[in-house]
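Naming convention: chains lettered A, B, ... in sequence-line order (proteins, then strands); numbering from 1 in each chain. A quick note: this is a predicted structure, and the numbers were derived from the prediction, not measured.
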There are 2 protein chains.
Amino acid sequence: MLKTIIYPKREDFKILCKRPEIDAELLMNGVTHIFQEVEKYGDEALLKFTDLYDNVKMDSPVFDTTGLYYDQIPIPAELKAAIQIASSNIEKFHLAQKSRDITVNIMPGITCEQKIEPIEKVGIYIPGGSAPLFSTVLMLAIPARLAGCSQIILCTPPDSSGNIHPAVLYAALLCGISEIRLAGGAQAIAALTLGTATIPAVNKIFGPGNQYVTAAKKMAQNYGVAIDIPAGPSEVLIFADQTSIPEFIAADLLAQAEHGGDSQVVLVSTNKSIIAETMICLAAQIEDIPRKKIAKQALDQSFALLMETESLAFDFINAYAPEHLIIAADSPGKYQKFITNAGSVFMGNYCPESAGDYASGTNHTLPTNGWARSYSGVNMDAFCKKITFQNITKEGINALGQTIITMAEAEQLQAHANAVKIRLTL
Amino acid sequence: MLKTIIYPKREDFKILCKRPEIDAELLMNGVTHIFQEVEKYGDEALLKFTDLYDNVKMDSPVFDTTGLYYDQIPIPAELKAAIQIASSNIEKFHLAQKSRDITVNIMPGITCEQKIEPIEKVGIYIPGGSAPLFSTVLMLAIPARLAGCSQIILCTPPDSSGNIHPAVLYAALLCGISEIRLAGGAQAIAALTLGTATIPAVNKIFGPGNQYVTAAKKMAQNYGVAIDIPAGPSEVLIFADQTSIPEFIAADLLAQAEHGGDSQVVLVSTNKSIIAETMICLAAQIEDIPRKKIAKQALDQSFALLMETESLAFDFINAYAPEHLIIAADSPGKYQKFITNAGSVFMGNYCPESAGDYASGTNHTLPTNGWARSYSGVNMDAFCKKITFQNITKEGINALGQTIITMAEAEQLQAHANAVKIRLTL
């Protein structure tokens, strides 16, 4: 169970901020082999690995969506309604994030612009396994479509009969995704990186996955393909003040802990009794969840921190830079200004992390393992590039030319200076 | 000299888009050793490597800026004026890029926000060598300061007498940088990654450098430190129509070619005679530049493409995704809509790349090696994270709760559903 650390010193922060080690390098040999095979043999290699790892023989990874309409897909009406509400909230929040082109008049004859361009080809990876992560389809396909990406390929492993899970298919079709490929694991990432006859090489790959997928995404970068965010196990940090509700905190800790044995959950408070009460609730609630074993494993490597002051608590929180941060308080707003490093923040006693995982509108693809110190979660920017333009007329270069020449010559780049000089004289 | 390829086929694009290979892996052993030494011995190791690679014995990497004011720094008045004009243009354009916080009312009781937070600690690396790259100081320090980064550390190798180049110092002080460390190479990147007694560990490292610096920046990511952009040799692609001026094109090709023997310059046109005339101008102009030998080496591995149609030309340009793209034309505006992949674009016959390298206002830290397909150049976003917040009240969770429960249960994450249920009932 969660161990409690009382009044940790500032010097201890560094150790407390360390996440369980993950070593992608170890898997690199296997992943390198998969990339080599897919590079050489294309779909043939892809299908061989699908047979080997997903235990299903397929003729082609293509899942034909021609003539399919999302409303025909056989999933419960209640689930359709839920996915539609979530989709609408996600769309609303991401649409508001859209950056606009800007134009700045720098000096007479010189105008600079920043133009937003969608990344042309993006790959979305949706893991298979026991549970179909249709929510991740929404989180990645909606901003990709809003950004205007011209080709969006969704890869997900086939089930044992070579099919796609209907909820994943429903979400994909609802988001307007028509290019679906049934391929998973490192081989799917290799195909999206290198291209095969049926899977186009993309410019950027998004989506979660197991350690092989993570290693393969790392490898993809060596081939000039960008990825969304460095991956790591999911994590939550809950800050609780005296107005927080231990039953809710315990439920939120368990929601995170059920993700995987390597998930990390952290409780931070200046209030001793809240921590103690949470432990009691945790012990009671954990008995009732199906993934109890996994949750217990995660809790065993997690901790609660009793802090001397709220100021020190937020110093720790920002040093830790949690993927998910819950402010468990009646008046969470007063803490907002202290938050500088976090992926997504859940404000108030009635704001569980699950809300953002599914339906509040924020994205659930977030920086783990302290990357929130420098990375944003997936947002509209992640599907775009910002290209700069400078328009310079003869008048403009006449005005700025000597400045450029002086600087270029001071940097001993004479040809740089010449490119201006020739325009001033000719 | 530049070879001309006549009417390349679409199938040839892939080969033509390949840049000269760079292999950072080869250097990794040396860089790993440097990281290990700096991790173990801190400043002692750093100073040892400074002695070894920069040939200067230093007592400390700290360059004390106390009491120094930029205007006292002994560089020519003309250079000061030029740097100030450039600085003012860069500031103007980057200030306009500042993203604003957004707040979206999703449904009654649910509000989502996206808040911009500066990355706290950033490291700026400025290479030494023959020419002092003070322009890069402006390009990185100005947006870092505008973004509000609370700690900005500038590392640059000392010269042979243990000093800093006055133009670099002038630019740094002008930009309000007070934390300067005289350290270079992979050891400087290791120090910024791991921290030493005199150099704080940062969250993100910016700046160009040789292949050791590039390999070290790659290594930094394994330690959880972000970097600006994957690095590669600089490059320019010039699109010339019948209104372009061969003398100018030749000068721009040479300005890029003088950067390094591994630079790549490409000329694309549907106009045969423009290409031929450019070759004549190139042969004449190259004789007059000091870095002729380097430029020749770069030109030898570069090419001109004669294309059948403008449409095919832009298909190639976007496939190549050049770091710098010059639209050498009287009316460049008509081509703007065709440009989807480029770092920075120079519009018009009177707009040399040198303008953006120094003073037009755009950033010169740009994606090379085709990364413009998925990456932006350094801009204000590069110094910020966007954190999402969701504020949910009791009313909000009552409205959205069932949606979340339905989705969580369909993904077989019962504890996720429970975290909502408990809030609906308690």
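The part of A:Val225 that comes within reach of chain B is its backbone (N, CA, C, O), which places non-hydrogen atoms under 4.5 angstrom from that chain. Contacts of B:Thr393 with chain A are made by backbone atoms alone, with heavy-atom separations under 4.5 Å and no side-chain atom involved. With a 4.5 angstrom heavy-atom cutoff, A:Ile245 touches chain B only via side-chain atoms. Neither the backbone nor the side chain of A:Gln84 comes within contact range of chain B; no heavy atoms are under 4.5 Å apart. If you measure heavy-atom distances from A:Leu79 to chain B, the contacts under 4.5 Å come from both the backbone and the side chain. For A:Ala257, no part lies near chain B; criterion is any non-hydrogen pair under 4.5 Å. Proximity to chain A (any heavy atom under 4.5 Å) is restricted, for B:Ala372, to the backbone atoms N, CA, C and O. Residue contact with chain A, scored on non-hydrogen atoms closer than 4.5 Å, involves the backbone and the side chain of B:Asn203 alike. B:Ala167 does not touch chain A: none of its heavy atoms, backbone or side chain, sits under 4.5 Å away. When heavy atoms are compared at a cutoff of 4.5 Å, A:Phe134 approaches chain B by way of both its backbone and its side chain. For a residue to count as touching a neighbouring chain, one of its non-hydrogen atoms must lie under 4.5 Å from one of that chain's; by this rule A:Thr362 touches chain B with backbone and side chain alike. For A:Asn89, the parts sitting under 4.5 Å from any heavy atom of chain B are the backbone and the side chain alike. Heavy atoms of A:Asn341 lying under 4.5 Å from chain B belong to its backbone as well as its side chain. Contact of A:His165 with chain B is not made at all, since no heavy-atom distance falls under 4.5 Å. Contact annotation for A:Leu138: only side-chain heavy atoms (C-beta onward) come within less than 4.5 Å of a heavy atom of chain B. With a threshold of 4.5 angstrom between heavy atoms, B:Leu413 approaches chain A through its backbone and through its side chain. For A:Lys115, the part sitting under 4.5 Å from any heavy atom of chain B is the side chain, from C-beta outward, and nothing else. Heavy atoms closer than 4.5 Å to chain B are found in both the backbone and the side chain of A:Ile404. For a residue to count as touching a neighbouring chain, one of its non-hydrogen atoms must lie under 4.5 Å from one of that chain's; by this rule A:Ala355 touches chain B with backbone and side chain alike.
Taking the side chain as every heavy atom from C-beta outward, A:Lys386 and A:Ser99 approach each other to under 4.5 Å. Inter-residue side-chain proximity for A:Glu409 and A:Gln414 is flagged as met; some heavy-atom pair is nearer than 4.5 Å. Counting heavy atoms from C-beta on, the side chains of B:Tyr375 and B:Pro230 come closer than 4.5 Å.
A donor-acceptor contact shorter than 3.5 Å is absent between the side chain of B:His364 and the backbone of B:Gly356.
Side-chain contact annotation: A:Asn318 with A:Thr340, donor-acceptor N/O pair under 3.5 Å present.
Most heavy-atom pairs under 4.5 Å with chain A, from the set B:Ile397, B:Ile387, B:Ile289: that is B:Ile387. Ranked by heavy-atom pairs shorter than 4.5 Å toward chain B, the options A:Asp357, A:Ile110, A:Asn418 are led by A:Asp357. Put simply, of A:Glu117, A:Lys92, A:Glu258, the one with the most heavy-atom pairs under 4.5 Å next to chain B is A:Glu258.
Atom CD of residue B:Glu113 and atom CG of residue B:Asn391 lie 5.0 Å apart, to the nearest 0.5 angstrom.
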